[in-house]
Protein chains: 2
Amino acid sequence: MTHSELMTLERQEQIVQLVNQAGRITVSELSAHFGVSETTIRRDLAALAARNLVRRTHGGVMRAVPVATSEIPILQRQNEHAAEKERIGAATAELIRDGETLLLAGGSTGLAVARHLNHHQNLTIITESLLVVHELLRQEHHRLILLGGTVAPEELAVRGTLARQMLEQLCVDKVIIGARAVSVERGVSAETPEEAEFLRTFLERGEHTILVTDSSKFHLSALARLCSLSAINTLVTDRGLDEEIARQVQELGVYLITV
Amino acid sequence: MTHSELMTLERQEQIVQLVNQAGRITVSELSAHFGVSETTIRRDLAALAARNLVRRTHGGVMRAVPVATSEIPILQRQNEHAAEKERIGAATAELIRDGETLLLAGGSTGLAVARHLNHHQNLTIITESLLVVHELLRQEHHRLILLGGTVAPEELAVRGTLARQMLEQLCVDKVIIGARAVSVERGVSAETPEEAEFLRTFLERGEHTILVTDSSKFHLSALARLCSLSAINTLVTDRGLDEEIARQVQELGVYLITV
DNA sequence: GCAAATTCGCGCACAAACGAGCACAAAACG
DNA sequence: CGTTTTGTGCTCGTTTGTGCGCGAATTTGC
């Protein structure tokens, strides 16, 4: 009605501020604070949560980044689309033949691939991920090479110049990587430029590159471009992939497997 | 204390914090703490356990430790002379100053050293042991560099040419190694020639070398000679060391610490 | 090794919160 | 001026979180 009335965007910005300040806030508190209905607040929160600016809970929202909780992101991501990732991992393992040498990047989907390698024999697996190592150590019958370098606690993986230098001395049959986002136009993306650079080094080390990613990644956008989709030989994803996108992917010369 | 009705997710995050802080906690304690029914707490714990954030037990939960199977030799060795190793670890940690760079070999005694580094600040720790990495990742406040190379399952550590190459690019303030056997005449020994060769590379990378070993190792003999005792600057061991041997060690110019 | 006491998991009930669809009003546009 | 778009609020059927009770399972104590 009058002067005190805010525009929608303005209100949403203030909500983010309030949440970051207090840590958490309820829908009813926000409704009272801004003098709008709870329905409107819910719409705001849905929009903000979609942009990862806040975390939605029943009754309200919380700060997007948990304060001191030592939750390891990759362990969280493991539980998202878990069933799809498991199927993708199994299908990818079928592409591998006994005795091959693999470069296996340790995203949550790459970890699912590792879990399905226990029926293979005599593989040599190179990875940067401590979780992949942990998984494959349990299986016991493969040769395992871990890249060295600075340990990134939130990914449980090594990063940095040392790892890249080491990588450059190695050559493999197949390279398996994951991605944070995939798009026909914008190619394959990682979360940070550093991660993209690192994975690019992966791609150079092998003949055949396999991208493993669940179909939800096709609706996301990520900051750091890694490579174009046509640089990928084989893409393994789940059946949730849009048919139109699937057609475009195949036109780029990518061998597409959906499970 | 200050919980004017929390939201579910918030309560679960706090539970994780409480568990990680205390090590374990009971359902009834949590119920009283948050002022909700035990049923609700059990539901929270089930959700957290499903995400591997805590480990469920009867009556409560424990900190989630993503370790480690029991038939691995080094984990068994950890239990032999455990008390001595713990004292040796603590005493060795006191030799380290904040901000230093360490090369820490991952024997069972080296692991005990790692456990006592959590009151130091801003260390850079280079290691070949996955167990040391695991321990120090929990402590969170150090920079951690893991050597790369072939993973030896029975030691949970990396070995091989790649690791040695990588090592040659690094320099540190202090080198900490363990041993399988120590003798005044025959020097410091490792289990295999490869291990000895590997540890010798360690010794070359730093100014000051510290040998950590419990006194029982002075009565053993091992195959592969690593170096002479006089190549060691400081030896940390337990009071079980024979006085005659102690005198001889000191005559060799080694600074001896017994705890 | 058995009995008692916890503890657990499941189903049900209830209230709060939610999302989807519809209606209305104000602004934007041609 | 009419039409479209956008933001808002309402209603209603559905989902989610919570607590309680009961039978089953697991510890604990002797």
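For the numbers below, each heavy atom of this structure counts, side chains included, while hydrogens, waters and symmetry mates do not. Letters A, B, ... are given to chains in the order of the sequence lines, protein chains preceding strands, and every chain is numbered from 1.
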Figure out the CD1/P separation between A:Ile41 and C:dG19, and round it to whole Å. 13 Å

CA sep, side-chain torsions, deciding dist, call: A:Glu10, A:Gln14, side chain to side chain donor-acceptor pair (under 3.5 Å): CA-CA 6 Å; A:Glu10 199 173 352; A:Gln14 290 197 16; 4.6 Å; no

The side chain of A:His58 lies closest to which of these nucleotides: D:dG9, C:dC8, D:dT16? D:dT16

A:Gln17 versus A:Glu13, side-chain donor and acceptor atoms under 3.5 Å: no

Checking C:dC8, D:dG19, D:dG9 against the side chain of B:Arg56 (C-beta onward), the nearest is C:dC8

Integer-rounded Å distance: C:dC18 P and A:Glu38 CD: 8 Å

Which nucleotide sits closest to the side chain of A:Thr39: D:dT8, C:dC18, D:dT11? D:dT11

Name the one of A:Val182, A:Leu241, A:Ile88 that satisfies side-chain contact (heavy atoms from CB on, under 4.5 Å) with A:Asp214? A:Ile88

Nearest heavy atom decides the nucleotide; on that basis, is B:Arg43 or B:Val27 closer to the 5' end of DNA chain C? B:Val27

Kindly write out the residues that satisfy side-chain contact (heavy atoms from CB on, under 4.5 Å) with A:Ser230, not counting sequence neighbours, or none if the list is empty. A:Ser228

Can you measure B:Phe34 atom CZ to D:dG19 atom P for me and round it to whole angstrom units? 13 Å

Whole-Å distance separating the CG atom of A:Asp44 from the P atom of C:dG19: 12 Å

Quick check for you: among D:dG9, D:dG19, C:dA17, whose closest atom lies nearest to any side-chain atom of A:Arg42? C:dA17

Length of the line joining B:Glu10:CD and D:dG17:C1', which is rounded to integer Å: 15 Å

Does A:Thr40 reach a base, just sugar-phosphate, or nothing at all? Heavy atoms under 4.0 Å. sugar-phosphate

Report the distance from atom CD1 of B:Ile15 to atom C1' of D:dG17, rounded to the nearest whole Å. 14 Å

May I ask you to evaluate whether A:Arg11 reaches the phosphate of D:dT8, defined as a side-chain N or O under 4.0 Å from OP1 or OP2? yes

Let me confirm one number: the CG-CD distance from A:Leu45 to A:Glu38, rounded to the nearest 0.5 Å. 10.5 Å

Is A:Thr57 touching bases, backbone alone, or none of the nucleic acid, heavy atoms closer than 4.0 Å? sugar-phosphate

Between C1' on C:dA15 and CE on B:Met7, what's the gap in Å once rounded to a whole number? 18 Å

Spacing of A:Leu9 atom CG relative to C:dA27 atom C1', expressed in whole Å: 15 Å

